[in-house]
Q: 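The structure follows.
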Amino acid sequence: MIEVRNVSKRYGRHQALDNISFKVKKGDILGFLGPNGAGKSTTMNIITGYISCDSGEVLIDGKNILDEPKEAKSRIGYLPEIPPLYNEMTVRKYLEFMFRLKRIKLPMDEHISKICTDLSIDDVGERIINHLSKGYRQRIGLAQALLGDPPVLILDEPSVGLDPAQIIEMRNLIRKLGENHTVILSSHVLTEIQAVCDNIVMINNGKIAAAGSIDHLMGTGRDTTIVRIIIEGREQGIMSALKGIDGIIRVTSLGETERGCYEFRIESKKDIRRAVSRAVARTDYAIMLMQPAGQSLEDIYLEIISGNNN
Ligand code: ADP
Ligand code: MG
């Protein structure tokens with residue numbers, strides 16, 4: 001349904017996207033996960049034909065977004081990071097305006113009313129957009145994306161700036177839309193993605209860092225053990241003490257958790273807890289917590305975005 005093939009994009013000397021490829025099957029909800037600045041919005045702007053790429057191509061239902069823009073774009077509803085709202089218009093007038101702009105051939109009043117009902121915004125149809133809360137404004141942006149019944153929805157961080165109740169509302173909405181749309185949903189928050197998505201593409205520094213179903217990503221079945229540990233002391237000093245232990249594959253620093261205490265994630269071939277305990281005992285540092293941890297999706301994500309692997 002959506003195919004991104006070897007797409008690269010530079011802004012001046014900054015390589016924002018470096019040869020990324022992925023596919024989204026019809027009916028999937030794909031989570032596009034990555035920290036701020038990873039290249040999510042750039043990718044979405046390219047998929048929707050909003051900006052061009054330097055190399056590579058994007059196919060929507062087999063239609064190249066640059067060669068057949070009309071056919072490809074009519075299949076996509078896009079909610080950009082900053083929704084294109086006309087703040088001084090009423091909700092209804094704005095949706096009518098966008099309907100005409102998109103040259104949609106459906107009965108207008110009926111179509112807009114249906115979308116407004118589905119998104120629970122029919123009570124604000126006559127209100128000026130600028131006077132509405134962020135939660136409403138985000139749903140109006142979504143309504144705009146749904147005009148013309150496109151089979152594909154591209155949603156760029158739709159939950160940013162919403163309060164917890166609105167986030168849950170938005171999540172339920174996306175889940176419901178996912179029942180009859182192919183969706184790409186971007187976020188820098190793992191739980192956000194985990195709650196609604198079947199498959200995940202993780203992006204970092206303009207490169208795909210991991211991809212697959214949640215089960216696949218979690219069960220990449222390492223025959224290693226992972227321990228989370230919090231130690232009081234100097235971060236670098238602790239790091240070198242830990243790295244000196246026999247059998248350690250990787251130590252990742254997760255930062256300061258409380259004053260003077262640092263959390264680390266230790267990956268090793270065997271149960272390393274006794275050796276860690278002895279190694280720390282030979283220093284002035286103190287173990288505040290040590291806990292075996294599974295390879296959760298969060299571990300994988302942290303590992304990828306910490307960029308501190310060794
Ligand atoms: P994300 O959406 O994952 O936060 P973006 O795609 O917005 O990331 O940005 C990726 C990188 O490209 C960032 O380093 C950002 O600063 C840079 N960037 C994005 N848009 C522009 C632009 N128009 N001009 C220059 N640099 C840009
Ligand atoms: Mg972004």
Side-chain angles (χ1 to χ4, degrees), residues 2-24 28-58 60 65-66 73 76-85 134-135 137-142 144-145 152-163 166-167 170-171 173-174 177 183-197 199-212 214 217 297-298 300-309:
I2 305 172
E3 193 171 352
V4 174
R5 274 194 204 152
N6 307 106
V7 165
S8 294
K9 174 79 181 175
R10 257 171 193 287
Y11 292 115
R13 278 178 28 218
H14 179 66
Q15 187 82 45
L17 294 179
D18 186 3
N19 195 27
I20 70 163
S21 301
F22 60 88
K23 284 185 198 175
V24 190
D28 255 12
I29 308 186
L30 179 87
F32 198 42
L33 178 66
N36 288 323
K40 301 182 296 297
S41 296
T42 301
T43 305
M44 293 183 138
N45 281 330
I46 290 171
I47 292 175
T48 53
Y50 200 72
I51 63 172
S52 61
C53 49
D54 303 332
S55 56
E57 58 183 353
V58 172
I60 310 290
I65 192 80
L66 296 178
K73 282 185 184 176
I76 301 177
Y78 184 26
L79 175 62
E81 202 161 22
I82 299 162
L85 301 179
K134 174 85 182 165
R137 295 163 58 82
Q138 204 64 346
R139 274 182 283 157
I140 297 162
L142 194 53
Q144 163 276 133
V152 175
L153 292 176
I154 310 282
L155 312 176
D156 196 357
E157 306 232 20
S159 298
V160 162
L162 301 186
D163 68 33
Q166 292 169 335
I167 288 179
M170 180 57 77
R171 201 178 276 177
L173 246 168
I174 294 169
L177 290 168
V183 181
I184 303 183
L185 165 70
S186 81
S187 178
H188 63 283
V189 184
L190 172 67
T191 47
E192 196 59 48
I193 296 281
Q194 240 174 330
V196 284
C197 297
N199 291 300
I200 297 185
V201 168
M202 283 194 205
I203 180 171
N204 193 34
N205 288 328
K207 292 193 178 76
I208 306 270
I214 291 184
L217 286 176
L297 208 48
E298 193 177 4
I300 301 173
Y301 186 43
L302 281 173
E303 193 177 302
I304 285 169
I305 66 179
S306 69
N308 195 7
N309 308 344

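Residue numbers start at 1 and run along the sequence shown. Note that this is a predicted model, so its numbers are computed, not measured. Just so you know, ligand 1 is whichever comes first in the structure, and atom 1 is the first atom listed for that ligand. Every heavy atom of this structure was used, including side-chain atoms; hydrogens, water molecules and symmetry mates were not.
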Q: Would you tell me which option among Thr43, Asn36, Thr42, Asn45 has the nearest heavy-atom contact to atom 6 (O) of ligand 1?
A: Thr42
Q: List the atom of Gln138, the atom of Pro83, and the distance in Å for their closest heavy-atom pair.
A: OE1-CG, 3.5 Å
Q: Using a 4.0 Å cut-off to any heavy atom of Ser41, which atoms of ligand 1 qualify?
A: 1 (P), 2 (O), 6 (O), 7 (O)
Q: Below a 4.0 angstrom heavy-atom separation, can you tell me which part of His188, side chain or backbone, both or neither, approaches ligand 1?
A: neither
Q: Verify whether one side chain among Asp156 and Tyr78 offers a donor that lies under 3.5 Å from an acceptor in the other.
A: no
Q: If the cut-off is 2.8 Å, does any N/O/S atom of Glu81 fall short of it from the Mg ion (ligand 2)?
A: yes
Q: Is Gly39 close enough to touch ligand 1? Criterion: a residue heavy atom under 4.0 Å from a ligand atom.
A: yes
Q: State whether the number of non-hydrogen atoms from other residues, nucleotides or ligands found under 6.0 Å of Ile82 atom CD1 is greater than 12.
A: no
Q: Is it the side chain (CB and beyond), the backbone, both or neither of Ser186 that lies under 4.0 Å from ligand 1, heavy atoms counted?
A: neither
Q: Which heavy atom of Asp54 sits nearest to which heavy atom of Arg10, and what is that distance?
A: OD2-N, 2.7 Å
Q: Does the protein place any heavy atom closer than 4.0 Å to atom 15 (C) of ligand 1?
A: no
Q: If I compare all heavy atoms of Met44 with all of Leu155, which pair ends up nearest, and what's the gap?
A: CE-O, 3.4 Å
Q: Over all heavy atoms of both residues, which pair between Ala145 and Leu79 is shortest? Give the atoms and the distance, please.
A: CB-N, 4.2 Å
Q: Would you say atom 2 (O) of ligand 1 makes contact with the protein, given that contact here means a non-hydrogen protein atom less than 4.0 Å away?
A: yes
Q: Examine Asn36 and say whether one of its N/O/S atoms is closer to the Mg ion (ligand 2) than 2.8 Å.
A: no
Q: To check your reading of the model: name the closest protein heavy atom to atom 13 (C) of ligand 1, its residue, and the distance in Å.
A: Gly37 O, 3.7 Å
Q: Would you mind listing which atoms of ligand 1 come within a distance below 4.0 Å of any non-hydrogen atom of Ala38?
A: 1 (P), 3 (O), 8 (O)
Q: Output the list of atoms in ligand 1 that are nearer than 4.0 Å to some heavy atom of Pro35, sorted by atom number.
A: 3 (O)
Q: Decide whether an N or O pair under 3.5 Å exists between Lys40 and ligand 1.
A: yes
Q: Please check whether Ala16 reaches ligand 1 - meaning an N/O of the residue sits under 3.5 Å from an N/O of the ligand, judged on distance alone.
A: no
Q: Can you confirm whether Tyr50 is buried at OH, in the sense that more than 12 heavy atoms of other residues, nucleotides or ligands lie under 6.0 Å from that atom?
A: no
Q: How close do Ser8 and Gln15 get, counting heavy atoms only, and between which atoms?
A: CB-NE2, 3.9 Å
Q: For atom 27 (C) of ligand 1, what is the nearest protein heavy atom, given as residue, atom name and distance?
A: Tyr11 CD1, 3.1 Å
Q: Do Gln144 and Leu85 come close enough that some side-chain heavy atom pair is under 4.5 Å?
A: no
Q: Within a 6.0 Å radius of atom CG on Asn205, are there more than 12 heavy atoms belonging to other residues, nucleotides or ligands?
A: no
